[in-house]
Undergrad: 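Below you'll find the structure I mean.
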Amino acid sequence: MIEERRPKYAASKAKISGFEFDKNTLELGYVAVDADHRNKGLSVCIAARLVAEQNDKLFATTSDEFMKKTLARVGFRKRGDDWKGRKGILSLWYKPAMKTKSPD
Ligand SMILES: CC(C)(COP(=O)(O)OP(=O)(O)OC[C@H]1O[C@@H](n2cnc3c(N)ncnc32)[C@H](O)[C@@H]1OP(=O)(O)O)[C@@H](O)C(=O)NCCC(=O)NCCS
């Protein structure tokens, strides 16, 4: 899901990672696939759909190695430095706004 705008939260992630981005950036939040249906490309489908619907810059944080692959597949890049969170080593992922094609 795309989280509601949380400027303070976004700013805290920019600070902890050392990667500066607009604090009004929306977050691609927690993605979960039922254990019986994992490794079939579903999280890539879900994330790609959310990214396409949003059509704007987004950020995400995760400690999950499979989720990192998913984020990379849909246009996010790892930015800044990792940090230690409650659930492990977290990293910041950022996807710039897609360029809209100008009419010819
Ligand atoms: C993370 C999660 C959402 C991935 O969902 P998924 O539908 O199984 O993932 P996909 O099938 O779309 O695969 C995404 C990538 O991970 C890889 N992957 C997924 N499961 C894998 C497994 N068991 N072994 C090896 N690779 C695996 C896929 O090959 C793919 O990589 P690729 O792009 O290089 O091919 C799922 O594992 C999950 O729900 N985990 C628990 C919740 C969680 O931690 N969510 C992330 C919080 S931000």
Side-chain angles (χ1 to χ4, degrees):
M1 64 181 277
I2 301 294
E3 303 285 350
E4 59 187 82
R5 221 172 281 280
R6 293 189 289 171
K8 276 188 190 163
Y9 176 81
S12 74
K13 299 306 161 201
K15 189 169 180 201
I16 200 165
S17 66
F19 174 68
E20 271 189 49
F21 63 95
D22 179 358
K23 64 181 191 296
N24 288 310
T25 305
L26 289 171
E27 180 188 18
L28 189 147
Y30 198 77
V31 173
V33 169
D34 188 281
D36 291 343
H37 298 284
R38 286 185 191 162
N39 204 11
K40 296 178 184 169
L42 288 176
S43 77
V44 174
C45 283
I46 294 166
R49 175 88 182 256
L50 292 170
V51 162
E53 281 173 3
Q54 204 52 44
N55 195 21
D56 197 1
K57 56 192 184 302
L58 287 169
F59 78 99
T61 66
T62 190
S63 62
D64 186 279
E65 292 306 318
F66 299 145
M67 193 62 205
K68 290 176 186 176
K69 287 187 168 189
T70 297
L71 291 169
R73 287 282 291 273
V74 302
F76 286 76
R77 294 292 172 264
K78 188 162 107 64
R79 299 294 187 196
D81 298 321
D82 294 355
W83 68 95
K84 201 167 177 295
R86 271 178 301 158
K87 292 182 194 161
I89 304 299
L90 286 155
S91 54
L92 176 80
W93 292 71
Y94 182 80
K95 186 198 76 68
M98 278 180 276
K99 288 190 185 80
T100 47
K101 223 182 151 192
S102 56
D104 296 324

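In this chain, residues are counted from 1 in sequence order. When reading the values below, keep in mind they use all heavy atoms of this one structure, side chains included, and skip hydrogens, waters and symmetry mates. Atoms within a ligand are numbered from 1 in the order they appear, just like the ligands themselves.
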Undergrad: Flag yes if more than 12 heavy atoms outside Lys23 fall under 6.0 Å of its NZ atom; otherwise flag no.
TA: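 At most 12 heavy atoms, drawn from other residues, nucleotides or ligands, come within 6.0 Å of this atom.
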Undergrad: At a 4.0 Å threshold, what atoms of ligand 1 neighbour a non-hydrogen atom of Ala32?
TA: 39 (O)
Undergrad: Would you mind finding which of Val31, Val44, Leu90 brings a heavy atom closest to atom 3 (C) of ligand 1?
TA: Val31
Undergrad: Going by heavy atoms in the side chains, are Val33 and Ile46 under 4.5 Å from each other?
TA: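 Contact flag for Val33/Ile46 side chains = yes.
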Undergrad: Is there a side-chain contact between Tyr9 and Glu27 (heavy atoms, below 4.5 Å)?
TA: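 A side-chain contact under 4.5 Å exists here.
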Undergrad: From atom 29 (O) of ligand 1, work out which of Asn39, Leu28, Val33, Leu71 has a heavy atom at the shortest distance.
TA: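 Considering heavy atoms of Asn39, Leu28, Val33, Leu71, the nearest to atom 29 (O) of ligand 1 sits in Asn39.
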Undergrad: Examine His37 against ligand 1 and note whether any of their N/O atoms are separated by less than 3.5 Å.
TA: no
Undergrad: Run through Tyr94, Phe21, Trp93 and flag the one making a ring-ring contact (aromatic ring centres under 6.0 Å, His included) with Phe59.
TA: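 In the set Tyr94, Phe21, Trp93, the residue that makes a ring-ring contact (aromatic ring centres under 6.0 Å, His included) with Phe59 is Phe21.
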Undergrad: For atom 7 (O) of ligand 1, what's the nearest protein heavy atom and its distance?
TA: Ser43 N, 2.9 Å
Undergrad: Does the side chain of Glu3 come within less than 4.5 Å of Met1's, by heavy atoms?
TA: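 Yes - at least one pair of side-chain heavy atoms lies under 4.5 Å apart.
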Undergrad: Would you mind reporting whether Met67 and Thr70 have side-chain heavy atoms less than 4.5 Å apart?
TA: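 Yes. Closest side-chain heavy atoms under 4.5 Å.
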Undergrad: Report the nearest protein non-hydrogen atom to atom 43 (C) of ligand 1: residue, atom name, distance rounded to 0.1 Å.
TA: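 Looking at atom 43 (C) of ligand 1, the protein heavy atom closest to it is Tyr30 OH, 3.4 Å.
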Undergrad: Near Glu53 CD, under 6.0 Å, is it more than 12 heavy atoms from other residues, nucleotides or ligands?
TA: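 More than 12 within 6.0 Å, yes.
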Undergrad: Should you measure from each heavy atom of Asp64, which atoms of ligand 1 turn up under 4.0 Å away?
TA: 1 (C), 44 (O)
Undergrad: Could you tell me the residue and atom name of the protein heavy atom closest to atom 24 (N) of ligand 1, and the distance to it rounded to 0.1 Å?
TA: Phe66 CZ, 3.5 Å
Undergrad: So which of Ala60, Ala48, Gly41, Gly88 gets nearest to atom 11 (O) of ligand 1, if we judge by its closest heavy atom?
TA: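 Residue with the shortest heavy-atom distance to the ligand atom: Gly41.
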Undergrad: N/O to N/O below 3.5 Å, does that happen between Thr62 and ligand 1?
TA: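 No; every N/O pair is 3.5 Å or more apart.
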Undergrad: Would you compute the distance between atom CG of Leu50 and atom CG of Leu26 and round it to the nearest 0.5 angstrom?
TA: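 The distance works out to 11.5 Å.
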Undergrad: Considering only the protein, which heavy-atom contact is closest to atom 38 (C) of ligand 1, and what is its distance?
TA: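 Ranked first by proximity to atom 38 (C) of ligand 1 is Arg38 NE, 3.4 Å.
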Undergrad: Could you list which atoms of ligand 1 come closer than 4.0 Å to a heavy atom of Thr70?
TA: 14 (C)
Undergrad: Considering both backbone and side-chain atoms of Thr61, is one of its nitrogen or oxygen atoms within less than 3.5 Å of a nitrogen or oxygen in ligand 1?
TA: no
Undergrad: Which option wins on minimum heavy-atom distance to atom 31 (O) of ligand 1: Lys69, Arg73, Met67, Glu65?
TA: Lys69
Undergrad: Checking salt bridge (Lys or Arg N to Asp or Glu O under 4.0 Å) between Asp82 and each of Lys84, Lys78, Arg79, which is the one that passes?
TA: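 Exactly one pass, corresponding to Lys78.
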